[in-house]
K.L.:
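For reference, the structure I am asking about is given below.
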Amino acid sequence: MSKQWWKESVVYQVYPRSFNDSNGDGIGDIKGITEKLDYLQELGIDVVWLSPVYQSPNDDNGYDISDYRDIMSEFGTMEEWEEMLDGMHVRGIKLLMDLVVNHSSDEHTWFLESRKSKDNEYRDYYIWRPGKDGKAPNNWASFFSGSAWQNDEETGEYYLHLFSKKQPDLNWENPKVRSEIHDVVRFWIDKGVDGFRLDAIDVISKTEGLPDAKVVNDDQYQWGGEYFFNGPRMMEFLKELDDEVFSKHDLMTVAETSSADIDRGIALTNEQDGVVNMLFHFEHMDLTSGPGGKWDQKDWELADLKRVMTKWQNDLEGKGWNSLYMENHDQPRSVSVFGNDKEYRVKSAKMLATWLHMMQGTPYIYQGQELGMTNVRFGSIEDYRDVEIHNMYKEQVLEKEVDPVTVMEKIYKKGRDNARTPMQWDASENAGFTTGDPWIKVNPNYKEINAEEALKDPASIFYHYKKLIELRKKHDVIVYGSYKLILEDHSEIYAYTRTLNDETLLVISNFSDKTPLFELPEDIGFSSKELLISNYEVGEEDIKGFKLKPYESRVYRLT
Ligand code: NOJ
């Protein structure tokens, strides 16, 4: 396996709107990020993935871009962005920008032109079709509820939007569109960025003819994934982007692919003819979703988590490379879902961190995860900001007349605003995020959970992450070792080993509030053991068999 800096790195994701507000307008901004670079350096991360900061009308908080070469006015100026980048580079931190090119904003000049007339030179930058019998061109549902098509008065035709109606899909079939996108990427490379996260990149190629989706229920719109996920030309388009742009630079690239299976993961990331360095698959995130998607919710099972993680660990080994993540701006807080955000919040957050960071892949920390920030329960739908939440709420409550209490429970479990409440810096008003009115309310637990407290407490989750990052720099086995699941059928313990040459890491995690017995499999031999990290005090005990405390985790280095 080749050694690469992006395999040895730890990434920290900044969601700028919620990170730090420097000017008191209630919205996080670029200067606010610059102010916190020392904090990030203290944590020890190597790379920042910055969610979109481009000019945007903010229908989807920047994932709807109206100018790919300008900074969002609410966030600051290009000069401030350049200062931020310099500040990162001085501290040895690299920057990944978010590349959102499956769609633009409907306020991008390309779209404003495109909608003007059927023969406008930009018409073919987007996917326009006439209606069928007075209805949309096909029955596809949008990711954000309702139809994936919007009728446009100007020409009477419909445009495709897999996300919100203010996010029209770009037409990648058009070579001009692809070359515009290449130019945008070059623009940011010339400015000195170190890589890109490719948003929703597995939906850029749609099946010719845009066939109707199979009807599986009596909903008006149906899930058309089979006609736009991993479409026929997706790999070709990405290969072209790689050949024309990425491959000419030393970049880190990560593809967001919610539909990826192992084969797709290998095709995307293998070092011979892959097109990106690593991917975000969603299989572990989807363990809390039923067949109807994220709002069709179910509880996750440890056996499934083992199965999914182990499959990706084993089957990608030597063939591709993965990202390791449990949170981002689209997911609920991991300690609330996979840990215990009450009595064992600190213990379980550390356990989850250890369990994830010891696997093979590049770990990602989402802002606030290093503090053990939790999900939130706002009293009213009015307190929520996310377009996905509001569209779902309207469809369920207003159109389908589902009980609002049931719908709010779904939002509490999986709504994206769980991750988007302001970063909790200290115990002052609004968690030190802003001196103004925050664009979204802070989580009321900020007096207890905040960075200032964490930095004062040597036993905090923050310092646990810092230690995990330090360990990664010291022990190659953490980056390059082979994974093996042990105690496969244990219902509370998730344990595995990582092996490189004659060194073995033994990673033991208790996913429960019980005290299960750990029994070391007999084939794991060693002559000396060193405890690398734990979340409880551990004495010099025999590790052949011992009882774990609630949410306990330990990592031993065996030689
Ligand atoms: C994935 C992003 O992470 C999400 O926040 C966004 O809404 C969609 N793609 C559309 O850009």
Side-chain angles (χ1 to χ4, degrees), residues 10-45 47-51 53 61-62 72 74-76 80-81 83-84 87-88 91 93 95 327-329 332-336 341 345-346 349-350 353 364-378 383 385 416-466 469:
V10 174
V11 184
Y12 185 94
Q13 184 192 351
V14 170
Y15 191 68
R17 203 172 186 79
S18 305
F19 192 62
N20 184 33
D21 173 20
S22 72
N23 64 359
D25 66 356
I27 296 169
D29 48 41
I30 303 273
K31 262 191 163 170
I33 300 171
T34 307
E35 284 175 6
K36 297 296 182 185
L37 291 179
D38 286 341
Y39 171 84
L40 296 181
Q41 192 177 25
E42 171 67 20
L43 183 57
I45 53 94
V47 178
V48 165
W49 152 26
L50 183 59
S51 277
V53 292
N61 292 349
M72 190 192 301
E74 290 176 334
F75 287 172
E80 287 165 358
W81 180 89
E83 276 169 36
M84 177 198 72
M88 289 179 179
R91 290 170 178 81
I93 296 173
L95 176 66
E327 287 186 25
N328 60 40
H329 64 292
R333 291 290 183 175
S334 59
V335 72
S336 299
D341 64 5
R345 185 184 66 82
V346 174
K350 288 181 185 174
Y364 285 67
I365 301 169
Y366 176 66
Q367 65 185 41
Q369 189 174 0
E370 78 281 15
L371 306 176
M373 279 178 63
T374 68
N375 278 355
V376 74
R377 293 169 75 94
F378 291 138
D383 293 329
R385 299 286 173 265
R416 304 194 297 181
D417 283 341
N418 279 309
R420 299 174 181 186
T421 60
M423 178 73 178
Q424 294 166 202
W425 293 108
D426 57 40
S428 69
E429 210 188 347
N430 295 321
F433 162 72
T434 180
T435 53
D437 243 352
W439 70 277
I440 183 169
K441 283 187 180 176
V442 297
N443 190 319
N445 62 19
Y446 69 90
K447 292 208 166 126
E448 180 201 342
I449 305 172
N450 63 65
E452 192 178 57
E453 283 299 316
L455 290 169
K456 279 195 294 208
D457 174 9
S460 68
I461 303 166
F462 179 95
Y463 288 116
H464 193 86
Y465 271 100
K466 183 177 161 102
I469 298 169

K.L.:
Using a 3.5 Å distance criterion without hydrogens, assess whether the side chain of N443 forms a donor-acceptor pair with backbone atoms of T374.
P.N.:
yes
K.L.:
Tell me, do V14 and K36 make a side-chain contact under 4.5 Å, heavy atoms counted?
P.N.:
no
K.L.:
Donor-acceptor check, side chain of R420 to backbone of H329, threshold 3.5 angstrom: yes or no?
P.N.:
yes
K.L.:
Mind running side-chain contact (heavy atoms from CB on, under 4.5 Å) on V48 and M88 for me, showing each step along the way?
P.N.:
CA-CA 9 Å; V48 165; M88 289 179 179; 4.0 Å; yes
K.L.:
How long is the span from the CD1 atom in I45 to the CD1 atom in I93, to the nearest 0.5 Å?
P.N.:
4.0 Å
K.L.:
Closer than 3.5 angstrom, by distance alone: can the side chain of D457 be matched with the main-chain N or O of E453 as a donor-acceptor pair?
P.N.:
no
K.L.:
I need the minimum non-hydrogen distance between I461 and G372, along with the two atoms involved.
P.N.:
CD1-CA, 3.7 Å
K.L.:
Are M72 and V53 close enough that some pair of their side-chain heavy atoms sits under 4.5 Å apart?
P.N.:
no
K.L.:
So, using side chain to side chain contact (heavy atoms under 4.5 Å, CB included) as the criterion, who are the partners of E80 when residues are at least two apart?
P.N.:
I30, K31, T77
K.L.:
Looking at side-chain heavy atoms only, is the closest gap between W81 and L95 below 4.5 Å?
P.N.:
yes
K.L.:
Nearest 0.5 Å, what's the CZ-CG distance between R416 and N61?
P.N.:
8.0 Å
K.L.:
Test: salt bridge (charged side-chain N to carboxylate O under 4.0 Å, His left out). Region: residues 431-446. Which pairs qualify, not counting sequence neighbours?
P.N.:
D383-K441
K.L.:
Can you tell me how far the OG atom of S334 sits from the CG atom of N418, to the nearest 0.5 Å?
P.N.:
11.5 Å
K.L.:
On a heavy-atom basis, which atom in A454 and which in S460 lie closest, and how many Å separate them?
P.N.:
O-OG, 2.9 Å
K.L.:
Looking at every non-hydrogen atom in both residues, tell me the closest pair between F433 and I27 and how far apart they are.
P.N.:
CZ-C, 4.2 Å
K.L.:
Is the NZ or CZ atom of R385 both under 6.0 Å from the centre of the six-membered ring of W439 and within 45° of that ring's axis?
P.N.:
no
K.L.:
Just jot down the side chain to side chain contact (heavy atoms under 4.5 Å, CB included) partners of E429, sequence neighbours excluded, or say none.
P.N.:
none
K.L.:
Calculate, to the nearest 0.5 Å, the distance between atoms CD and CD belonging to Q367 and Q424 respectively.
P.N.:
10.5 Å
K.L.:
Please report the closest heavy-atom contact between E74 and D29, naming both atoms and the distance.
P.N.:
O-CB, 3.9 Å
K.L.:
Side-chain contact test, heavy atoms from C-beta onward, threshold under 4.5 Å: evaluate it for Y366 versus M373 and give yes or no.
P.N.:
no
K.L.:
Could you work out, with salt bridge (charged side-chain N to carboxylate O under 4.0 Å, His left out) as the rule, every residue matching D38, not counting sequence neighbours?
P.N.:
R91
K.L.:
Look only at the side chain of Y463 and the backbone of L455, and say whether a donor-acceptor pair between them is shorter than 3.5 Å.
P.N.:
yes
K.L.:
Relative to each other, are the rings of Y39 and W425 parallel, tilted or perpendicular (30° and 60° limits)?
P.N.:
perpendicular
K.L.:
I need the Y12 OH to I469 CD1 distance, nearest 0.5 Å.
P.N.:
10.0 Å
K.L.:
Within the structure provided, determine whether M423 and L371 are in side-chain contact (heavy-atom separation under 4.5 Å).
P.N.:
yes
K.L.:
Please find the pair of heavy atoms, one from V442 and one from F378, that lie closest to each other, and give the distance.
P.N.:
O-CE2, 3.9 Å
K.L.:
With sequence neighbours left out, what residues match E83 under salt bridge (charged side-chain N to carboxylate O under 4.0 Å, His left out)?
P.N.:
none
K.L.:
Is there side-chain contact between F75 and R17, with heavy atoms separated by less than 4.5 Å?
P.N.:
yes
K.L.:
At what distance, to the nearest 0.5 angstrom, does CZ of R345 lie from NZ of K350?
P.N.:
10.0 Å
K.L.:
Where do S22 and E35 come nearest, in terms of heavy atoms and distance?
P.N.:
CB-OE2, 3.5 Å
K.L.:
Going by heavy atoms in the side chains, are N328 and Y364 under 4.5 Å from each other?
P.N.:
no
K.L.:
Strictly distance-based, threshold 3.5 Å: is any side-chain N or O of K466 a donor or acceptor partner for the main-chain N or O of E42?
P.N.:
yes
K.L.:
Does N20 use its side chain to pair, donor to acceptor, with the backbone of G32 at less than 3.5 Å?
P.N.:
yes
K.L.:
Is the shortest side-chain heavy-atom distance between T421 and S18 below 4.5 Å?
P.N.:
no
K.L.:
The criterion is side chain to side chain contact (heavy atoms under 4.5 Å, CB included); which residues satisfy it with T434, sequence neighbours excluded?
P.N.:
D21, N430, P438
